[in-house]
Student: 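Input: one structure, supplied below.
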Amino acid sequence: MSNTRKLSHARKGDRGVIVQVGDHGRHDDHAMELERRLLELGFVEGARVELLHEGLFGRDPIAMKVDDMRVALRRHEAAWLTVRFERVSVAEAGYDSQEVVA
């Protein structure tokens, strides 16, 4: 099962690697400008991302770590990034083994 989805669907603590920037089916001016802006901010294929914070209202904007930088985006902008997310173990998630119910 593939764990690849849009960054806009991520939750706090999710981590992964960017596998696609932009929507290769769209070539209008707005789409190309947004893709260029994301690339300039460091959202390039192969970059590691981790979602650090979600806004209070509508979970927007989101703050994330991109390699060694911190960046904030709106979810509609994050929808232009496809990420292969890692599975996080219970130990990495910070849970006490006694707190986890099978």
Side-chain angles (χ1 to χ4, degrees):
M1 182 174 127
S2 175
N3 202 14
T4 302
R5 62 186 189 273
K6 298 295 184 180
L7 183 58
S8 57
H9 298 309
R11 298 296 228 171
K12 186 175 178 180
D14 285 351
R15 301 185 265 206
V17 176
I18 297 174
V19 294
Q20 181 180 337
V21 179
D23 181 355
H24 297 296
R26 289 187 55 190
H27 298 288
D28 59 73
D29 288 341
H30 175 71
M32 292 176 69
E33 177 63 22
L34 181 55
E35 185 175 335
R36 183 191 61 77
R37 182 172 160 255
L38 291 169
L39 291 168
E40 287 177 353
L41 288 171
F43 291 97
V44 295
E45 292 178 8
R48 299 191 54 74
V49 295
E50 178 181 358
L51 201 137
L52 302 172
H53 180 75
E54 299 175 309
L56 294 175
F57 303 105
R59 298 177 26 237
D60 205 20
I62 55 177
M64 67 205 70
K65 183 177 176 183
V66 182
D67 287 334
D68 293 327
M69 299 183 309
R70 305 302 193 271
V71 180
L73 290 178
R74 297 272 178 206
R75 286 206 181 257
H76 71 44
E77 296 166 329
W80 285 78
L81 299 162
T82 305
V83 176
R84 183 178 59 248
F85 288 95
E86 302 170 352
R87 297 187 190 276
V88 179
S89 71
V90 172
E92 288 179 291
Y95 296 112
D96 182 355
S97 61
Q98 295 176 354
E99 294 175 357
V100 178
V101 178

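FYI, side chains are in, hydrogens and waters are out, and symmetry mates aren't considered; it's all heavy atoms of this structure. This chain uses plain numbering: 1 for the first residue, then up along the sequence.
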Student: Return the minimal non-hydrogen interatomic distance between A47 and G42, and the atom names on each side.
Tutor: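 Here A47 and G42 meet closest at CB-O, 3.8 Å.
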Student: Looking only at heavy atoms, what is the nearest atom pair of L51 and A10, with distance?
Tutor: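 Taking every non-hydrogen atom into account, CD1-CB, 3.7 Å.
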Student: Output the distance between atom CZ (R11) and atom CZ (F85), rounded to the nearest 0.5 Å.
Tutor: 11.5 Å
Student: With side chains defined as the heavy atoms from C-beta onward, is the minimum distance between L41 and V66 less than 4.5 Å?
Tutor: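 Heavy-atom side-chain distance check fails, nothing below 4.5 Å.
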Student: Test your reading of the model: is there a side-chain donor-acceptor pair from E77 to the backbone of A79, 3.5 Å cut-off?
Tutor: no
Student: Can you get from L39 to V83 by hopping between Ile, Leu, Val, Met, Phe, Trp and Tyr side chains that sit under 4.5 Å apart?
Tutor: yes
Student: Is there a side-chain contact between M64 and L81, using heavy atoms and a 4.5 Å cut-off?
Tutor: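 Heavy-atom side-chain distance check fails, nothing below 4.5 Å.
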Student: Answer yes if M69 and I18 sit in the same cluster of Ile, Leu, Val, Met, Phe, Trp and Tyr residues linked by side chain heavy atoms under 4.5 Å apart, and no otherwise.
Tutor: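 Shared cluster, yes.
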Student: Do the side chain of N3 and the main chain of R84 share a donor and acceptor less than 3.5 angstrom apart?
Tutor: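 Not a single qualifying donor-acceptor pair exists.
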Student: Of the non-hydrogen atoms in I62 and R75, which two are nearest, and what is the gap between them?
Tutor: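 Answer, listing the atom of I62 first, then R75: CG2-NH2, 3.2 Å.
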Student: Taking all non-hydrogen atoms of both residues into account, name the closest pair between P61 and R74 and its distance.
Tutor: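 Looking at all heavy atoms of both residues, the closest pair is CD-NH1, 3.6 Å.
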Student: Is R70 close to H53 at the side-chain level, that is, under 4.5 Å between some pair of heavy atoms?
Tutor: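 They are not in contact (no side-chain heavy atoms under 4.5 Å apart), so the answer is no.
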Student: Distance check, rounded to the nearest 0.5 Å: L52 atom CG versus R15 atom CZ?
Tutor: 10.5 Å
Student: Quick one: closest heavy-atom pair of E54 and R59, and the distance?
Tutor: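 E54 and R59 have their closest heavy atoms at OE2-NE, 3.1 Å.
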Student: Which residue in the set L7, V44, V71, L73 passes side-chain contact (heavy atoms from CB on, under 4.5 Å) when paired with L38?
Tutor: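 That would be L73; it is the only one of L7, V44, V71, L73 passing the side-chain contact (heavy atoms from CB on, under 4.5 Å) with L38.
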Student: Taking everything shown except K6 itself, do over 12 heavy atoms lie less than 6.0 Å from its NZ?
Tutor: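 Yes.
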Student: Should the pair E33-R36 be classified as a salt bridge under the 4.0 Å nitrogen-to-oxygen rule?
Tutor: yes
